[in-house]
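Accompanying notes for the structure given below.
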Amino acid sequence: MSSATDKARFFLEKSVPELKEYESKKIFTKEEITAIIKKRSDFEHKLNARGAKPVDFVRYVEYEINLEALRRMRVKRMGIRAPGHSGTRRIFFVLERATRRFQGDLNLWIQYIEYARKQKSYKKLSMIFTDALRLHPTSAELWIYAAKSVLDDQADMSQARSYMQRGLRFCKNQQELWLQYAKLELIYITKLVARQQILGLTETRAKDSDEALDTNADMIAIPKITEQDINPDGNAEAAENAIETLNSTPALSGAIPIAIFDAAMKNFQNDDRFGAEFYEMALEFENLPCLVTILGHVVDNMQTHQTTSFRTQICYIKFPTAGVRVTSPEFPRVLGSSFARIKECQPLSNSLAKELVSWLKPLAETKDLDPSLKKAIISTARNAERTLSE
């Protein structure tokens with residue numbers, strides 16, 4: 001079986017039982033099966049030839065996916081139950097051969113992973129990620145992708161953390177990995193808060209902390225959580241006790257994102273650019289109870305190590321407004337605090353002035369904004385623009 005022809009014949013013969021079933025159950029006509037054999041033969045000869053390219057595997061996979069979709073549609077229409085053969089295994093087999101032959105092609109690995117996710121083959125997906133990450137340990141994007149997929153598809157935060165922490169061993173100097181790790185933890189906290197809302201525990205928490213969450217104002221896409229997600233065994237009392245226990249742990253206090261931030265800042269020698277990016281990333285989670293704690297820690301750290309940086313100054317100026325709606329009754333007061341901090345930073349550098357204009361102009365365009373507040377925002381933005389023109 002050294003020649004391409006012998007290998008192609010070998011792989012084609014393995015599909016004979018499958019094609020016989022299709023014909024016997026009249027899923028495909030004899031002419032269609034002949035066409036399938038011809039198409040597969042052409043692909044197999046290309047794949048087993050010396051000059052095969054990744055695109056040849058991709059086209060083969062696309063053909064088999066379309067064929068499988070057609071087969072499933074006909075099986076459903078004809079009312080055939082539990083067919084013995086499925087094209088899914090063949091698609092997996094082609095993708096496995098592709099990644100084995102072109103191990104360095106990340107696009108092939110991603111296609112392999114995406115198909116496994118679509119089929120919800122989580123056991124196989126875990127093995128694919130293991131192989132892919134073993135071959136591409138320095139790809140921060142792949143570690144991030146693995147962590148996000150296991151959290152989104154299987155709600156397994158423990159495994160997601162494992163991917164991120166292992167990724168940091170190989171990609172310690174890639175800031176995006178640190179940012180996405182912290183973001184993953186913030187998403188997890190968001191899910192815990194949403195679960196508390198479903199169980200009605202947020203009312204008690206709001207009385208203790210004078211903070212209430214507005215579930216209609218989330219700036220991020222929160223996965224839908226049902227009673228089944230919280231309580232798969234039907235024991236509501238146990239689920240409620242478990243979530244109440246979380247209030248006394250670091251999970252909801254923001255301690256984990258803060259620890260990630262501290263480790264990252266130490267690794268990057270207190271880089272103010274990373275600090276500003278972390279601040280903006282965390283700011284997306286505007287309704288988290290621990291948001292102010294996290295952002296306050298970020299600002300304090302940046303002021304300690306990069307006091308005169310315009311990035312530190314803009315975070316310091318914006319901080320009073322963190323988590324407060326522009327149209328809320330509290331906003332004029334906190335914005336006043338921000339304006340006072342602008343005066344502290346006088347004279348403005350050009351870089352800080354640009355940041356202020358970028359922050360204030362969108363605020364001024366907020367729908368239903370109080371006219372007097374809008375006037376104050378526009379005036380402050382114009383003063384910053386004058387600095388730029390001088």
Side-chain angles (χ1 to χ4, degrees), residues 186 189 205-206 208-214 217-220 253-254 257-258 261-262 265 270 272-388:
L186 290 170
I189 296 173
R205 186 177 177 84
D208 296 336
S209 62
D210 293 325
E211 291 179 4
L213 295 177
D214 186 346
D218 293 335
M219 292 181 66
I220 61 170
S253 68
I258 288 174
F261 173 78
D262 288 343
M265 289 295 277
N270 300 303
D272 59 322
R273 185 185 297 274
F274 177 82
E277 289 182 1
F278 191 100
Y279 183 97
E280 292 299 326
M281 179 276 296
L283 195 60
E284 297 175 11
F285 298 79
E286 63 172 5
N287 295 306
L288 284 186
C290 59
L291 177 66
V292 173
T293 301
I294 296 170
L295 295 183
H297 181 84
V298 172
V299 172
D300 289 344
N301 183 288
M302 293 177 71
Q303 284 190 305
T304 300
H305 298 99
Q306 298 283 355
T307 307
T308 59
S309 165
F310 74 91
R311 297 187 181 94
T312 298
Q313 291 173 333
I314 190 62
C315 292
Y316 172 69
I317 291 168
K318 291 165 64 175
F319 177 61
T321 64
V324 181
R325 286 175 172 274
V326 179
T327 55
S328 70
E330 295 180 17
F331 192 76
R333 177 180 58 80
V334 296
L335 186 63
S337 298
S338 290
F339 285 170
R341 293 187 176 197
I342 293 175
K343 292 180 181 179
E344 293 178 28
C345 298
Q346 298 288 346
L348 302 179
S349 65
N350 283 346
S351 297
L352 180 56
K354 287 180 182 178
E355 292 289 341
L356 284 172
V357 172
S358 298
W359 174 52
L360 292 171
K361 280 195 171 181
L363 291 181
E365 296 171 0
T366 303
K367 187 179 180 181
D368 299 327
L369 184 65
D370 181 81
S372 59
L373 185 60
K374 182 175 182 177
K375 184 178 179 180
I377 293 173
I378 291 174
S379 175
T380 306
R382 285 176 179 169
N383 289 336
E385 287 177 333
R386 288 193 193 99
T387 300
L388 295 173

Worksheet item: Out of curiosity, F319 CZ to I314 CD1, how far, rounded to the nearest 0.5 Å?
Response: 14.0 Å
Practice prompt. Pick out which of R311, Q306, Q313 makes a side chain to side chain donor-acceptor pair (under 3.5 Å) with D272.
Written response: R311
Practice prompt. Taking all heavy atoms of V298 and all of G275, pick out the closest pair and write down the distance.
Written response: CG1-O, 3.8 Å
Practice prompt. Take N383 and L348 through the side-chain contact (heavy atoms from CB on, under 4.5 Å) test and state the conclusion after the steps.
Written response: CA-CA 10 Å; N383 289 336; L348 302 179; over 6 Å; no
Worksheet item: Can you list the steps and then say if L352 with C345 is a side-chain contact (heavy atoms from CB on, under 4.5 Å)?
Response: CA-CA 9 Å; L352 180 56; C345 298; 3.9 Å; yes
Response to the item:
On a heavy-atom basis, the closest approach of A276 and M302 is N-CE, 3.8 Å
Worksheet item: Do I317 and W359 come close enough that some side-chain heavy atom pair is under 4.5 Å?
Response: yes
Discussion item. Any heavy-atom pair between the side chains of T304 and N270 that's under 4.5 Å?
Written reply: no
Worksheet item: Counting distance only, does the side-chain N/O of T327 pair as donor-acceptor with the main-chain N or O of L369 below 3.5 Å?
Response: no
Discussion item. Please verify the inter-ring angle class for F274 with F261; under 30° counts as parallel, over 60° as perpendicular, anything in between as tilted.
Written reply: parallel
Practice prompt. For residues S337 and P320, report the shortest heavy-atom separation together with the two atoms involved.
Written response: CB-CB, 3.9 Å
Item to complete: Give the minimum heavy-atom separation between L186 and P257, together with the two atoms involved.
Response: CD2-CG, 3.9 Å
Fill in: Atom pair CG (L288) and CG (L295), whose distance is rounded to the nearest 0.5 Å
10.0 Å
Fill in: T307 side chain to Q303 backbone, donor-acceptor under 3.5 Å
yes
Discussion item. If I compare all heavy atoms of L291 with all of A322, which pair ends up nearest, and what's the gap?
Written reply: CD2-C, 4.5 Å
Worksheet item: Taking 4.0 angstrom as the limit, do K354 and E385 come out as a salt bridge?
Response: no
Worksheet item: Which atom pair, heavy atoms only, marks the closest approach of A384 to V357?
Response: CB-CG2, 3.8 Å
Practice prompt. Determine whether F278 and I294 make a side-chain contact, defined as any pair of heavy atoms from C-beta on separated by less than 4.5 Å.
Written response: yes
Worksheet item: Nearest 0.5 Å, what's the OG-CG distance between S349 and L356?
Response: 8.5 Å
Worksheet item: At what distance, to the nearest 0.5 angstrom, does CG of D370 lie from CZ of F331?
Response: 11.5 Å
Worksheet item: Roughly how far apart are F339 CZ and L335 CG, rounded to 0.5 Å?
Response: 3.5 Å
Discussion item. Test your reading of the model: is there a side-chain donor-acceptor pair from S379 to the backbone of A376, 3.5 Å cut-off?
Written reply: no
Fill in: Intermediate values then yes/no, side-chain contact (heavy atoms from CB on, under 4.5 Å), H297 and D262
CA-CA 9 Å; H297 181 84; D262 288 343; 2.6 Å; yes
Practice prompt. Would you confirm whether R341, through its side chain, and K318, through its main-chain N or O, come within 3.5 Å as a donor-acceptor pair?
Written response: no
Response to the item:
One should read off an interatomic distance between K343 NZ and T380 OG1, to the nearest 0.5 angstrom, of 9.0 Å
